[in-house]
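All remarks here apply to the structure that follows.
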Amino acid sequence: MFDGVGWEVPGLVEQLRQTDDLYFDRAAEVRIDQWSNGRVVLLGDSAFGGSVGMGTSMALVGAYVLAGELSENGYEQAFAQYQCEMRDYVATHRKRPPGGTNGFLPRTRRGIWLRNQFMRLLPHLPGRKRMMGGIEKSANAITLKPYTRSVSPA
């Protein structure tokens with residue numbers, strides 16, 4: 001499947017062939033009530049995974065919010081405030097794109113090719129905002145607090 005792809009792909013495929021310890025799973029959704037327990041906090045897909053197409057955005061925003069809250073509060077309060085700040089933003093991003101998981105993560109070579117062609121054309125199509133399912137609106141569905149306290153280097 002990856003013949004002729006180039007870049008780092010041949011080396012990665014070779015490493016996959018040589019490993020005894022590989023876990024591979026389908027796209028799945030994570031839903032948990034609490035993103036922290038004691039001094040451990042989850043971030044990105046481990047906390048609010050299941051968004052197809054917005055996971056990186058949520059992880060970056062989450063990292064910003066978590067770091068900001070930690071710079072201004074003890075970890076218990078910071079973790080609770082992080083979840084409070086992110087809750088609505090994450091809920092907005094959990095909505096599936098048009099076509100659902102199969103539309104964004106096709107299982108066949110032909111499906112991948114069709115998805116890629118569609119994504120290249122999308123910015124030029126009439127009605128693109130409707131087809132994007134409000135992705136721009138959801139990406140801007142949070143107002144980031146300007147955390148002012150900086151953490152001094154150790």
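Nothing fancy with the numbering, it's 1 onward along the sequence.
Residues I112 and N116 are in side-chain contact: their nearest non-hydrogen atoms beyond the backbone lie under 4.5 Å apart. Put simply, the side chain of Q83 reaches to within 4.5 Å of the side chain of Q34, judged on heavy atoms. When side chains are defined from C-beta on, L43 does not count as touching W35, because their heavy atoms never get closer than 4.5 Å. In this structure the side chain of Y82 never reaches within 4.5 angstrom of the side chain of L70, judged on heavy atoms.
Taken together through direct or relayed side-chain contacts under 4.5 Å among Ile, Leu, Val, Met, Phe, Trp and Tyr, M119 and L121 form part of one hydrophobic cluster. A single hydrophobic cluster is seen to contain both Y89 and L144, as judged by linkage of ILVMFWY side chains at heavy-atom distances under 4.5 Å, directly or through other members. Placement of V5 and V13 within a single hydrophobic cluster is found when ILVMFWY residues are connected by side-chain heavy-atom separations under 4.5 Å, directly or transitively. Put simply, M86 and I32 are part of the same group of oily side chains (I, L, V, M, F, W, Y) that touch within less than 4.5 Å, one to the next.
Minimum interatomic distance between G38 and F79 (heavy atoms only, all atoms of both residues): O-CE1, 3.6 Å. Closest of all the heavy-atom pairs between A59 and G44 is CB-CA, 4.0 Å. Residue H124 comes nearest to R120 through the heavy atom pair CD2-O, 3.6 Å, listed as atom of the first residue, atom of the second, then distance. Between Y147 and S71, the shortest heavy-atom contact is CB-OG, 4.5 Å.
In this structure, OG1 in T143 is found 9.5 Å from CD in E85, a value given to the nearest 0.5 Å. Atoms CZ and CG, on F48 and L42 in that order, are 9.0 Å from each other to the nearest 0.5 Å.
In this structure, the side chain of Y75 does not engage the main chain of V40 through any donor-acceptor pair within 3.5 Å. Remark: side-chain polar atoms of Q77 are not paired, donor with acceptor, to backbone N or O of E72 under 3.5 angstrom.
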